[in-house]
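Worksheet: one structure, shown below.
Everything quoted here is computed from the prediction, not taken from an experiment.
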Amino acid sequence: MSMPEQEIRAEQQRVEKVVTEIDGRIKTLTKQLGEARADIVEIRNNFWDDVTVNFDEPDDIIETYAVLKQQAEVLSERERSHRHAQNQLKKLMRLQQSPYFGRIDFTEGGSDNTDRIYLGIGSLLNETDDEFLVYDWRAPVSSLYYDYPPGPAEYETPDGTVHGELELKRQYIIRDGHIQSLFDTGVTIGDELLQEVLGKHSDSQMKSIVATIQREQNQIIRNTTSRLLIVQGAAGSGKTSAALQRVAYLLYRFRGALTADQIVLFSPNTMFNSYVSTVLPELGEENMQQTTFIEYLEHRLGREFNIEDPLTQMEYVLTAMQESGYEARIAGITYKSTTNFLHVLERYVEHLGSQGLVFKNIRFRGELLLSSDRIREQFYSYEPSLPIPNRMRLLADWLQEELKELGRKELKKDWVDEEIELLDTDSYLKAYQRLRKKNRFTENSFDDHKRERDQLAYMVVQERFKKLRSGVKRLRFVDIPGVFRHLFSDPELARQLMDGNLPAHWEEFAAQTVELVREANLAYEDATPYLYLKERLEGFQTNNSIRHVFLDEAQDYSPFQFAFLKRLFPRAKMTVLGDFNQAIYAHANQNSSFEWLSTLYGSEETEMIVLTKSYRSTRQIVEFTKTMLPNGNNIEPFNRSGSEPTVLQLPDKATLAAQVTDRVLQLQAQGHSTIGIICKTAVESQEAYDVLKEHLSLRLITQESGSFEAGTQVIPAYLAKGVEFDAVIIYNASQEQYGRESERKLFYTACTRAMHDLHIYYVGEKSPFLP
């Protein structure tokens, strides 16, 4: 028997040994879980049988409380143990199928012993001799596997740097306890393993990449020092995957000090949240908080305004070129996204400290209680050096006192007697009990009726004034919409705040803004500036509990939004992931890289990692799509071969629909499980869906779609960002659809969603971005 065969047999025997250990552990845990579950059920069923409730004497109350507390603690401990055992069982079930994916042999400097270290998605300890059968991929020593070829190597531990020699790096593909492939490699992650993983069909949900993490991705994952970590990565370079593994690493590295609910991911849309939702549970971690920026804006402003969704704004930008006011709107979107506009708002706040704040009248039953003029006079009577939010609180306190005095005046009015007549029995009883409690009722007292009426009147007025007091507490007396409108409706004030330099189309897009806000609508480009102004006047609502913020598709965020997020999460580190080659929003063309972001936290606290290699698509697709970009030569394809992309001109839309139908059927026959028919807009997607659904089983993806599923999807290009398909069909790549320079990156984004096959059709003239 040759040596390699012996080696393979020995490796398979070890796999079987580990799997046997896991099987035994699973059986033991399953039994323990059953017993723990039975204990919990019994404790819950008999909880009150073991407690003697006695509230007769103070000592009895204390004893009853102590017994209740003890029983509750016993139940809580059992439930905690049950949860822990369940998590352990889930991890073992995952390890059972594929216990590990890598091995490194490492000799520490000054030692004669070589440690053989096996890496998997979780650690496994042999309980009999305290030997690690499998090391967690996030353990400090595991970084050797990702960062070094055989030769001199080092890794960081909490106690310092460990130097030594990496003797061997071996990679495995293990399925159901059997080694399917095994090979030694001199590079970070061998092409053979990547070929095997990347050659698979796409799924409806993103998968963990722990077995195929590249060195540059490992830098992203294990960075714990940078306040701002910027990742500029080509399409398909693994930015998002690395970010999710980074979350898992941080939870492992800082276990006990960091929890999943102290991490928040801002993703591009809710469908994307569904797409990535299984990665962390697959690694045995809870999901972090996931939201979108528009969801946050809705949470803060949704009661006051109808807020335009960014995808609705995108649809307008792509379809409304012929509408009146389009050019001005684009100018407004561009200007309001800048930090220059933020500085204008800061100057405006300074101006409002001495004049110009708008307040609302406070009315009750149609009558004026406190005029806006009187409220404004009181506000500006406070010490001018005090910040506006502090003066707002002083004003709120003053208004509460004024309402108390005005409430007393209401007690004698006729409307109060009318409402007393309409009170129900419960209200009368409540008044009677309050008077008894205050010892106000006396036998044969001639004024009992008067006292009863006074109590009832007080109750009525208090109830009717409750809404006014609540409004004052929430600073509803400030007319923030009016303040925001005033900035856009007073050209002289705007010119003063901008040092005389009004941006292009100011008067026109200012008028658009005033009209929308007056109708309780907020354009997407106005929402963040409006909220910022509101916060500066009322007091900033910062979130100090969040420790890490992740921004995916960060090229879609404006400089203004970045500055706002920094202020919103003052104690958080920020991980920013994006690709300016996919910057498809109207405001994004002002910047071509993330370098300006270093001004947020300073260059000394900022690190930038650039990922140029694309793993998602075949070499043929990457070579094809990178020609669409002026700087496309910087993108490196991974050497996975496939068929050449196709480009086909068609005479009319009827032929287009027929060709697309035939192509989808061919792709399905080839076994592709996810096929994306990508259109430019939601309007075109609806048209394509209506034509194709007669012959194909399809799903139309809209901004309301909550999940990403396998099958054939018709989807607008801007919603396809961040997801991938086995095969992509570009529905109509004509010059009419993708002819403007502003649409170049949208077209590139659509084409780079393809993993294995890309087919492009067009009617009429083809897009100038096609090679």
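- Ring-plane geometry between Phe293 and Tyr557 is classed as perpendicular, the angle between the planes exceeding 60 degrees on a 0 to 90 degree scale with a lower cut at 30.
- For Tyr762 and Tyr738, the ring centers are positioned 6.0 Å apart or more.
- A salt bridge between Asp552 and Lys239 is absent, with no side-chain N of the basic residue lying under 4.0 Å from a carboxylate O of the acidic one.
- Between Glu216 and Lys613 no salt bridge is recorded (no basic side-chain N to carboxylate O distance below 4.0 Å).
- The backbone N or O of Lys360 sits nowhere less than 3.5 Å from a side-chain atom of Asp479 that would complete a donor-acceptor pair.
- Look at Arg744 and Glu741 and you find a salt bridge, because one of the NZ, NE, NH1 or NH2 atoms lies within 4.0 Å of a carboxylate O, short of that distance.
- For Tyr316 and Tyr326, the gap between ring centers is short of 6.0 Å.
- With hydrogens and angles disregarded, a donor-acceptor distance shorter than 3.5 Å links the side chain of Glu743 to the backbone of Gly739.
- Asp526 has a carboxylate O that lies under 4.0 Å from a charged side-chain N of Lys336, or vice versa, which qualifies the two as a salt bridge.
- For Glu724 and Arg753, the salt-bridge test fails: no basic side-chain N is under 4.0 Å from an acidic carboxylate O.
- Of the inter-residue distances, the one linking Tyr748 atom OH with Phe769 atom CZ reads 14.0 Å to the nearest 0.5 angstrom.
- Using the six-membered ring where Trp is involved, Tyr530 and Phe305 have ring planes that are perpendicular, over 60° apart on the 30 and 60° scheme.
- Applying the salt bridge (charged side-chain N to carboxylate O under 4.0 Å, His left out) test to pairs two or more places apart or on separate chains, those with a residue in residues 324-334 are Glu308-Arg329, Arg329-Glu525.
- Using a cut-off of 4.0 Å between Lys/Arg side-chain N and Asp/Glu carboxylate O, Lys534 and Glu304 are scored as salt-bridged.
- Judged purely by atom type and a 3.5 angstrom limit, Arg485 has no side-chain atom pairing as donor or acceptor with the backbone of Thr513.
- For the pair Ser381 (side chain) and Gln378 (backbone), a donor-acceptor distance under 3.5 Å is present.
- The side-chain hydrogen bond (donor to acceptor under 3.5 Å, both in side chains) pairs that include a residue from residues 387-396 number zero, where partners must be two or more places apart or lie in different chains.
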With a 3.5 Å cut-off and sequence neighbours excluded, list the donor-acceptor pairs that the side chains of residues 514-522 form with protein atoms.
unit_1, atom_1, unit_2, atom_2, d
Asn521, OD1, Asn306, ND2, 3.4

